Amino acid sequence: MFRRAMAAMLASAALLAPLGAARAEDGYQLWLRYPRLAEAPRAALAARAGAIVALHRSPTIDVAVAEVQRGLAGLTGSAPAVLSQPQGNAIVLATVPEAARLGIGGLDAAPLGEEGFRIVSRSVAGKPALVIVANKDAGLLYGAFRLLELAEMGTPLDTIDVTSAPKLQLRMLNHWDNLDRSVERGYAGQSIWDWWKLPGYADPRYTDYARANASIGINGTVLNNVNAVKESLTPRYIAKAAKLADIFRPYHIRVYLSARFSAPIELGHLKTADPLDPAVQAWWKDKADELYRAIPDFGGFLVKANSEGQPGPQDYHRTHAEGANLLARAVAPHGGIVIYRAFVYSQDNPKDRARQAYDDFKPLDGQFDPNVIVQVKNGAIDFQPREPFHPLFGGMPKTPLMAEFQITKEYLGFATHLVYLGPLFEEVLRSDTLANGRGSTVARVLEGKVAPERLTGMAGVANIGDDRDWSGSTFNQANWYAYGRFAWDPEVSAEAVAREWTAMTFTPDPRFVGPVVAMMMGSREAAVDYMTPLGLAHQMATGHHYGPGPWVGNLARPDWNPTYYAHADASGIGFDRTKSGSDAVDQYAPALARLLADPKTTPERDLLWFHHVGWDYRMQSGRTLWDEMVTHYDRGVADVAAMQRTWATLRPYVDPERYAQAEAFLIAQHDEAVWWRDASIAWFSTKSQRPLPAGAAPPAHSLDYYEALQFPFAPGHPGG
Ligand code: BDP
């Protein structure tokens, strides 16, 4: 008897054990740690959470309820029972009509949409209750996560009244994961998809992946690399994707696949993949039917075509619209969509690479089928530490566009540099395209408020791998989290998001949160400063993009070379994108193009992106351009040193594991910031022929030393 009772206790303790409890603070739990609250907030929560009331059940409600139980077990120390009858002193999950039946009126369903929720404190059966209301179960799931978060942050519960609904429909992660488990530009270990063992064995981690994503509102995931191989579309791999879709479905996450444009040839043995060929059209229709038989709610295809060697419609002299519509018509009968990437630059196009996507896509505005959305990188080149927003935003009013951000830090120090991307997301999203008067920000373009759109969305290239902490460092988790928050609301504040994340990931103690948030908020500018200040771009070493390589000028394509982007010579530095150069400025709305045409009205942070200016050009600070560049490099290094000092003061608030990791990574980041600064100055001073400003230290080594450094086996690089 006693043994049975013991066993039952142990079993339920195991069920309730917080995720990853066996290995305390190894980062596995992300921001979903649910630590025990202090006495007063714990009592306040417990007083309203004596039970969980779910008025109907579904797989999504079941996972919402399980999460609330798990959260309360952590926050209050006890996981209450789940009831189907209304009662007070409870957390109640109700649809709007269910709430009305409980006598909770005055709840307007319209603003909640399909996925939004409202959390209110109301009396149920004469007792206080926390009521989560939504139109659909997905909203109840999102509301459950948000309620736990608010409780954890110490939000007063008696007056709580929070309404939230996503401003974008598609909130997607793009995994650049290969079927051999390598991850293109992945710095957090191998792919979490153990393709080989699927579908027979499903790693429990897939469920935790879904929980984490649902907690921040992500509702779609592309499982495989945009550089796609044909095998993902074979029955064997469709069955594996279907298994993942089954696991994610309760969490309101749909599965998508990257599709290889030439699959009809490679798998279907057709002679062509020409979008206008009826046999090709029939092949894709059959493939879509097969996919939907296995995955009834399959989201659709992501396509990278005619870019970096990938096949595409231009191989058959067809347009990207014809290519996109081919796949769109195959999935349309099933309610699927096609996400077509605008990251194209062609093999033989001698024009400025920054111009090419716009040149290709702008003329196609209005030609895409209704279930196509074009996915545009945040800037016109490639996920640089800083790029001005992509001119396609605001440039294609008749085509739904989604923004693609890179959460994995290919160009921002891989896993080790502490770079919080919230300010990068915010800067791009708040940029005013002036496409339809003032206030036509990129965020509002995406939301369909500048021109009405049928589809809206955002994509983030995932930084998730099989590292125990998912993202390669604790601070990289913040970028995954922030991405989800920005996809939900592109107008959210990066700083507010950093606060939430810090409080949940570490501790809400303001003595910790304040300095950490300040450090995070400055971290992206620090990286810009030590890598590519004042509008410089693509100065990274070849292939793996780790560390500086500004001297590289011998690669096959001119636009793979750092020297192409910096255009540094005796006369000055920077890429002339005005009329006297590539005229890429002309792709922006006229009111903005006018400002960018003149270095004096171009933001200094973007100066060298748009202009080639002399080394003695006078900056706003009064310094010459050359002196200003050196000042920025030095500031970047100094900022990292300041982050190290800040972190050292925070040791008392952090568990030893996560403290030590961040400390070690900051040491590496500082060394590499010095390397970036020194190597860049060593190279550019051969062009500027100017002395360093007073007080600036000369580089530690000669230019030859930096040029000779090699990094075989760098992670995330397709060629190894
Ligand atoms: C670049 C990456 C490359 C990707 C490409 C893309 O270096 O690995 O395949 O973008 O987005 O940033 O397709």
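All values derive from a computational prediction rather than experimental measurement.
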Quick one: list whatever passes side-chain contact (heavy atoms from CB on, under 4.5 Å) with [X], sequence neighbours left out.
X	result
His567	Phe575, His612
Pro603	Leu596, Arg605, Asp606
Pro311	Arg260, Phe261, Ser262, Asp315
Thr624	Asp616, Arg618, Trp626, Asp627

Contact list for residues 698-708, test salt bridge (Lys or Arg N to Asp or Glu O under 4.0 Å), sequence neighbours left out: none
Pairs where residues 409-423 contributes a residue and the test salt bridge (Lys or Arg N to Asp or Glu O under 4.0 Å) is met, not counting sequence neighbours: Arg185-Glu410
Under 3.5 Å: donor-acceptor pair, side chain of Asp466, backbone of Ile192: no
Set of ring pair (Phe, Tyr, Trp, His ring centres under 6.0 Å) partners for [X], sequence neighbours left out:
X	value
Tyr588	Phe389
His175	Trp193, Tyr209
His538	Tyr411, His545, Tyr565
Tyr340	His320

Using atom types as modelled, flag every donor-acceptor pair under 3.5 Å from a side chain in residues 413-426 to any protein atom, sequence neighbours excluded.
residue: Thr416; atom: OG1; partner: Gly413; partner atom: O; Å: 3.4
residue: His417; atom: ND1; partner: Tyr530; partner atom: OH; Å: 2.7
residue: His417; atom: NE2; partner: Glu672; partner atom: OE1; Å: 2.6
residue: Tyr420; atom: OH; partner: Ala494; partner atom: O; Å: 2.7
residue: Tyr420; atom: OH; partner: Ala498; partner atom: N; Å: 3.4
residue: Glu426; atom: OE2; partner: Arg430; partner atom: NH2; Å: 3.4
residue: Glu426; atom: OE2; partner: Ala494; partner atom: N; Å: 2.7

Heavy-atom neighbours of Gln689 CD exceed 12 at 6.0 Å: yes
Test item: side-chain donor near acceptor, Asn561 and Thr563, under 3.5 Å: no
Whether His390 and Phe393 hold their rings parallel, tilted or perpendicular, with breakpoints at 30° and 60°: perpendicular
Test: Arg524 and Glu427 ion pair at under 4.0 Å: yes
Set of salt bridge (Lys or Arg N to Asp or Glu O under 4.0 Å) partners for Asp529, sequence neighbours left out: Arg635
